[in-house]
Amino acid sequence: MIMSRSEMSPDEDPPATGNLVDRLLSGLPAEAFVTDPDVTASYANDMASFCAAGTPAVVVLPRTVEQVQHVMRIATELRVPVVPQGARTGLSGAANASDGCIVLSLTKMDRILEINPVDRVAVVEPGVINATLSRAVGEHGLYYPPDPSSWEMCTIGGNIGTASGGLCCVKYGVTAEYVLGLDVVLADGRLMSTGRRTAKGVAGYDLTRLFVGSEGSLGIVVRATLALRPQPPQQLVLAAEFASTAAACDAVCRIMAGGHVPSLLELMDRTTVKAVNAMAHMGLPETTEALLLAAFDTLDPAADLAAVGVLCEAAGATQVVPADDAAESELLLQARRLSLTALEAVKGTTMIDDVCVPRSRLGDMLEGVERIAEKYALTIGVCAHAGDGNTHPTVCFDAADPEESRRARESFDEIMALGLELGGTITGEHGVGVLKKEWLAREIGPVGVEMQRAIKTTFDPLGILNPGKLF
């Protein structure tokens, strides 16, 4: 049985904070600690709405593997829960603190240890910022493809914990495709290495993949060996306007069925376009019902864009505009990256869903979201990684209005139910965390939950690693 702190019997309660800090200080420098409650409160949660968060006993910011091991040994000895954190840009509550826990913030472990152009690997600590790594490997003519919208802030460790995606997944895949090996500190403080740095390797169970997406519930990632690719040519972007989301989704199906391999295929609905314009004054076409962005990073991207433009017109595009150069392309991509921030400004609070459906059902998904928005009298904008069917319906609401908040939560659940009904999954890249753990059980079923709990028990028999998350 996996027990959270709240489930332990009284004689098993963790010791007072003072004793905990004293024990931790025996192997950590004083500057690695935060105990001021006004400061520790700022580490209590990530960016998700409607996710409960507790009060940490202490925040620890280690700089070495040995310091992480020390924290886990003390936590095991004293039966104190540990919540690993990166930049807390997550959207599922996976980094939320539990009462009396040690928040283990890995942001100070931010070194790029190696970039090897021959082996095409990078070895990094978990606190390295995604964009920092991308720029560093670019200086060697290499490319690290995963690029979540928060790439200027999010960490590699957080990306691994939630199996992050990004704008380029349609061609290059998600974080899991690039994690070759990991060094992981287990719940009892032991250090385990998984995977490899070779191009091929099938020795034993694939424990590396097991940790990717585990949301810090199985161990603490302290080092990662990541696969790199040669840097592709500069991509060019095309923007296509449509009079309906159905027509835009038809264009997506035509592009993928035609064998094209865009480096990016993104969709913004009317609500999202208007929100971006209102915030950033980017001059996007507000007359459109759906804006589709397609990009190619091939040797002749203009030719590929022209072919895709023809398909968009056949699907009913009212206007197709290819970018002339890299600067114009980047402007369009910036508009897409601003989508979630712009939607938050509509009402002040958002619930960002992350439902992924088969590409062939993308149109059904967007039409269903529109019906849900009307049913609950809410503003719901949709931006999507259309090329892989990963939609982000974003419910905009006033958190100070209890009635509107209730409708927001109900609409969020109905969107997830729609995704499952269409043969999809409740999360394509944000993870389960607190927000979706009830829905995880619905998706994988009782036998799936039983087996996942068994894996959790094997790695974390005391249930101290990120308790209350996933299931």
Side-chain angles (χ1 to χ4, degrees), residues 46-48 86-91 129-135 138 143-156 158-159 162 164-175 232 234-241 248 252 262-286 288 290-297 321 323 325-346 350-354 356 380-394 396 428-430:
D46 61 20
M47 297 177 71
R88 291 180 289 112
T89 58
L91 295 165
I129 300 296
N130 185 295
T132 300
L133 175 62
S134 296
R135 293 181 181 117
Y143 178 44
Y144 180 67
D147 64 339
S149 294
S150 58
W151 78 310
E152 293 281 6
M153 300 177 287
C154 63
T155 63
I156 295 298
N159 294 169
T162 58
S164 297
L167 304 187
C168 68
C169 294
V170 61
K171 180 174 183 178
Y172 293 104
V174 296
T175 296
Q234 180 68 53
Q235 67 181 358
L236 286 180
V237 178
L238 169 149
E241 299 178 47
V252 171
S263 54
L264 172 149
L265 193 56
E266 298 287 308
L267 185 148
M268 300 163 64
D269 73 352
R270 175 191 60 216
T271 300
T272 305
V273 168
K274 288 184 176 180
V276 171
N277 275 345
M279 186 184 75
H281 308 289
M282 300 194 73
L284 297 175
E286 293 196 8
T288 183
L291 183 67
L292 188 66
L293 303 178
F296 284 88
D297 58 4
V321 182
D325 53 33
E328 189 176 352
S329 295
E330 184 54 37
L331 186 64
L332 289 170
L333 296 186
Q334 183 64 16
R336 169 59 184 87
R337 290 186 187 278
L338 288 172
S339 294
L340 299 182
T341 303
L343 286 167
E344 184 176 2
V346 172
T350 57
M351 291 191 72
I352 303 169
D353 221 323
D354 173 37
C356 191
I380 303 179
V382 180
C383 55
H385 308 306
D388 52 27
N390 194 177
T391 68
H392 294 307
T394 303
C396 307
E429 57 187 2
H430 291 171

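None of these values were measured; they are calculated from a predicted model.
- Rounding to the nearest 0.5 Å gives a distance of 5.5 Å between CZ of Arg336 and CG of Leu167.
- In this model, no donor atom of one side chain and acceptor atom of the other lie less than 3.5 Å apart for Asp297 and Tyr143.
- Rounding to the nearest 0.5 Å places CG of Asp388 at 9.0 Å from CG of Leu265.
- Listed here is the closest heavy atom pair of Asn130 and Ile156: CA-CD1, 4.1 Å.
- Counting heavy atoms from C-beta outward, Cys169 and His385 have side chains that stay 4.5 Å or more apart.
- Thr271 has its side chain out of reach of Ile380: every pair of non-hydrogen atoms, C-beta onward, lies at least 4.5 Å apart.
- In plain terms, the two heavy atoms of Ser329 and Ala323 that are nearest each other are OG-CB, 3.3 Å.
- Smallest separation of non-hydrogen atoms from Val276 and Met282: CG1-SD, 3.9 Å.
- In this structure, Leu264 and Leu333 have side chains that are in contact, with non-hydrogen atoms separated by less than 4.5 Å.
- Pairing each heavy atom of Leu236 with each of Ala326, the nearest pair is CD2-N, 4.0 Å.
- To the nearest 0.5 Å, the span separating CG on Asn390 from CD on Glu266 amounts to 9.0 Å.
- The distance from atom OG of Ser164 to atom CG of Leu91, rounded to the nearest 0.5 Å, is 9.5 Å.
- Scanning all heavy atoms of the two residues, the minimum distance from Ala248 to Leu267 falls at CB-CD1, 3.8 Å.
- Nearest heavy atoms, Ser263 versus Tyr172: CB-CE1, 4.4 Å.
- Without hydrogens or angle criteria, Asn159 side chain to Cys154 main chain gives no donor-acceptor distance under 3.5 Å.
- Separation of atoms CZ (Arg88) and OG1 (Thr155) is listed at 11.0 Å; rounding is to 0.5 Å.
- Counting heavy atoms from C-beta on, the side chains of Leu340 and Thr350 never come closer than 4.5 Å.
- With rounding to the nearest 0.5 Å, the separation of CD in Glu344 from CG in Leu338 is 12.5 Å.
- Residues Asp354 and His392 meet the side-chain proximity criterion, which asks for heavy atoms closer than 4.5 Å.
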